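Reviewing the structure listed below.
In this text the structure is predicted, and so the values were computed from the model without any measurement. To find a chain, count down the sequence lines: A is the first, B the second, and so on, and within it residues start at 1.
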Amino acid sequence: MSLKHASCRAVALAALLAGAAPAALFAETPADTLVLADAIDDIVSIDPHEAFEFSGLDLVNNVYDSLIELDPTKPGEMVPGLAESWSVSEDGMTYSFKMKSGVTFASGNPVTAEDAAFSLRRVVKINKTPAFIMAQFGFTPENVEEMITFEGDTVTIKTDKVYAPSFFYNCLTAAVGNIVDMKTVMANEVDGDMGNNWLKSNSAGTGAYVLKSFKAGEGYILEAREGHWRGDAKLKNVFMQHIPEGATERLLLEKGDIDIARALTPTDVAGLEGNADVAISNDNGGQIYYLAANQKNEALANPAVLDAMRWAVDYQGMADTILKGQWAVHQAFLPKGFLGAIEDTPYSLDIEKAKALLAESGVELPLKISLTVRNNQERMDIAQSVQNTFAQAGIELSLDVGDGATVLDKYRARQHELTLQTWGPDYPDPHTNASTFAINPDNSDEAKLTGYLAWRTAWDPGAMSAETEAAVAEMDEAKRVEMYRSIQERHRDDSAFILMFGQLQQTGARANVQGFHTGGAVDSASYWLVTK
Amino acid sequence: MVDIAPVPRRPSRLRPLFWGVGSGLLTLALTLLGLLFVTFIIARIVPIDPLLSILGERATTAQYEAARLAYGLDEPMWKQFAIYLWDAVQGDLGTSIRTREPVLSEVAERFPATLELATLGTLFGVITGVPAGVLAATRPGSISDQVVRVVGLLGYSMPVFWLGLIGLLVFYGKLDWVGGPGRLDASYQMMMQFQMEQYTGMILVDSALNGAWDMFANAISHIVLPAALLGYVSMAYISRMTRSFMMNELSQEYITTARVKGMPEWRVVWVHAMRNVLVPLITVIALSYAYLLEGSVLTETIFAWPGLGSYITDALFAADMPAVLGGTVVVGVAFVTLNMLSDILYRLVDPRAQA
């Protein structure tokens with residue numbers, strides 16, 4: 001009897017599956033919609049003046065425009081955005097932007113100089129995490145009304161002192177430089193939040209797309225605007241799904257249920273090799289892997305020891321194996337694609353040289369050092385490789401493993417000896433990394449300048465601090481580039497940091513998808529050029 | 001004069017029921033209080049700094065202190081708990097540190113997805129697990145018993161993560177029988193959000209109420225695999241328990257009597273013995289349902305299912321303790337409520353419990 005029931009059930013289940021099959025068979029992405037998958041649970045806010053996470057910035061980049069933009073097809077190149085032209089005064093402290101005419105927000109409101117001034121002031125007034133990018137120019141909630149003004153079709157911005165114009169312009173291309181629709185935003189203001197809460201689930205920009213729906217940890221839907229000033233987006237809709245698991249993304253991509261997969265692991269990428277329906281593209285990311293040596297430790301303050309360590313890391317070995325496709329050898333503090341970035345990698349694994357340098361240093365061998373590292377597979381793999389090659393040179397590394405917060409606390413409290421860390425830029429200008437790697441205004445413990453990596457590792461850059469300050473004020477761009485190159489070379493050879501890897505991004509796309517740009521290390525993703 | 005004893009009134013079946021509900025509610029309150037307390041304490045003593053995840057690495061000491069005050073983290077622990085409790089009683093589970101949205105509305109958005117999946121999973125588990133258990137119990141030691149045992153054991157011991165991926169690879173990747181990860185195909189997902197009236201948040205129910213049968217079929221094709229996977233795990237448990245309950249019943253004297261009277265075997269098993277098996281089985285099923293309601297994190301991750309399990313996990317990774325607490329409370333309420341319901345059902349089914 002029971003057996004009979006069981007067979008009935010089997011038939012019923014098979015019928016159910018068969019009934020469902022036709023629906024599944026037609027599952028390909030709609031022709032007018034770009035379907036993406038990524039891990040987007042990092043999004044805290046999609047208010048352009050609050051967003052500071054990769055996924056949120058991708059969304060913002062497609063919904064808002066700024067006065068000056070970066071050309072998605074030529075990473076790092078500036079092009080006019082909502083401003084038609086711009087100039088800086090002789091004294092280098094007043095910038096003027098002439099607005100394009102005839103541009104409208106998604107609401108239909110025309111874009112005016114007032115909107116632009118309002119938006120830049122708003123960044124400072126709501127004072128969310130990325131507000132510091134604007135605050136660098138001396139803007140405070142108190143003075144911003146006088147510093148940022150408008151008249152007719154021109155916005156005028158005064159800075160507190162002279163900065164390199166390229167520095168100022170680069171900062172304006174960051175998400176905080178996006179222009180929002182003043183009337184719409186203020187109509188949705190609650191308790192003086194300047195529309196901050198409303199902008200967490202709505203958009204009020206001039207971008208190629210308009211936000212139709214956003215659900216944290218689930219996904220978002222964008223719809224193209226008609227008659228966009230840059231030319232209409234090629235695809236009518238964008239549908240981003242939160243799919244954190246790389247293997248799941250791979251399966252969906254293979255089946256054609258998504259057009260673009262952005263969270264593939266090296267294993268998934270390897271598995272997709274040879275699949276004619278899928279194309280993998282490689283791009284740079286902004287993160288840098290480095291070792292920081294605490295200069296309060298006598299042995300680590302010895303330049304010969306640091307030099308020996310630089311020759312005792314198996315950079316290429318790691319990049320070819322455990323970090324394949326995710327990280328490339330990179331030995332400078334500016335990521336590839338940044339103004340003034342250098343790409344040569346003079347250091348490689350040379351145990352004999354490291355041994356000789358250690359012998360020369362006069363420290364007692366074997367040198368015993370602890371390496372503070374976060375308990376995460378990739379970091380542990382790197383730490384173990386370093387431990388292995390250091391041991392061959394005569395440095396005994398003990399691994400001090402902790403969770404992210406503990407490791408960070410130790411680093412910020414200067415209690416580490418050697419620590420393995422990553423750093424990513426905050427805005428697309430060299431100063432973002434130069435200011436933290438190569439400036440330390442006060443090396444005393446009491447100063448607690450935890451925002452400076454040089455301070456965290458108790459390293460005094462000496463004259464390099466002043467040079468870096470000078471570079472950010474250099475009016476001549478070519479000269480500025482040269483300054484950063486020179487600072488990076490000396491920093492690479494003589495600092496308390498051992499710079500190792502630069503991030504790579506691997507994107508999987510269906511073979512028919514063209515024109516997707518991730519933005520590399522300096523910009524966010526652009527959807528409006530995508531065709532399929 | 002003769003005292004006439006009053007005619008004894010037939011004891012009401014409802015009174016013990018009310019009593020059950022009353023004591024159930026009290027248990028609910030006490031359990032929740034305990035749950036809140038433990039979760040709260042854990043949330044406060046874990047060495048994770050939620051402020052760091054909001055402010056980022058670059059925050060100055062002043063910004064940090066300001067945030068500490070803003071989130072009330074400077075108050076003594078007992079006071080923080082009292083405030084949390086008072087708000088929770090009024091239906092305010094706090095604000096997510098990460099998204100700064102009310103936790104209750106976030107959880108309310110995620111819960112239907114889990115409820116839908118867990119309900120189907122449990123249905124699958126019951127429909128397959130109970131007959132499998134009965135089959136094994138009526139033929140102990142036979143091949144069918146061994147098969148049920150092995151299948152059950154596999155359900156217990158195979159990692160869900162692996163089963164899910166293999167399931168996807170075979171049924172979605174190769175055979176094309178089912179839809180892929182997610183609750184709907186992209187086009188239906190967009191249709192659901194913009195063209196459909198959403199009543200419950202459960203796509204199967206909402207699409208049916210909207211009369212969108214093609215969407216309903218698409219939703220079925222997406223849910224069938226994760227639900228079967230969860231159902232398989234719960235089937236393993238239910239079938240083992242059914243087998244042991246049933247074997248116990250079948251050795252009772254009233255069963256022998258029934259058989260001696262010449263009652264057909266199916267009636268002995270499915271009517272007489274089953275009635276008694278049902279009593280403990282209800283508890284087992286309720287527990288297994290509650291377990292699925294917690295949201296199976298791994299299943300939700302692999303199938304990109306935006307449910308409660310992935311919500312709590314994401315929140316945990318971001319050190320978003322109000323969200324973790326809120327999610328836990330909702331799971332706790334579901335758990336205790338189901339327990340209470342099973343108690344009530346138990347009283348209805350078991351005449352002894354009504355005395």
Is the shortest heavy-atom distance from the side chain of Phe52(A) to the side chain of Asp426(A) under 4.5 Å?
yes

Between Lys212(A) and chain B, with a heavy-atom cut-off of 4.5 Å, which part of the residue counts as in contact: side chain, backbone, both or neither?
both

Checking heavy atoms, do the side chain of Asp42(A), its backbone, both or neither come under 4.5 Å from chain B?
neither

Just checking Phe111(B): does its CZ atom have more than 12 heavy atoms from other residues, nucleotides or ligands closer to it than 6.0 angstrom?
yes

Is it the side chain or the backbone of Thr33(A) that comes within 4.5 Å of chain B heavy atoms, both, or neither?
side chain

Interface moiety of Phe216(B) toward chain A, non-hydrogen atoms closer than 4.5 Å:
neither

Go through the atoms of Glu50(A) and report whether side chain, backbone, both or neither lie under 4.5 Å from a heavy atom of chain B.
side chain

Can you tell me how far OG of Ser207(B) sits from CE of Met215(B), rounded to the nearest 0.5 angstrom?
6.5 Å

Tyr311(B) versus chain A, the contacting section by heavy-atom distance below 4.5 Å
neither

So Tyr290(A) and Tyr411(A), would you call those rings parallel, tilted or perpendicular, with 30° and 60° as cut-offs?
tilted

Audit row: Asp268(A), Thr265(A), side-chain hydrogen bond (donor to acceptor under 3.5 Å, both in side chains) steps and yes/no:
CA-CA 5 Å; Asp268(A) 303 315; Thr265(A) 65; 2.8 Å; yes

Part of Leu169(B) lying under 4.5 Å from any heavy atom of chain A:
both

Do Gln421(A) and Thr419(A) get their side chains close enough for a donor-acceptor pair, meaning under 3.5 Å?
yes

Quick check for you: among Ile258(A), Leu251(A), Ile243(A), which has the greatest number of heavy-atom pairs under 4.5 Å with chain B?
Leu251(A)

For Ile221(A), is it the side chain, the backbone, both or neither that has a heavy atom under 4.5 Å from a heavy atom of chain B?
side chain

Taking 4.0 angstrom as the limit, do Arg250(A) and Glu254(A) come out as a salt bridge?
yes

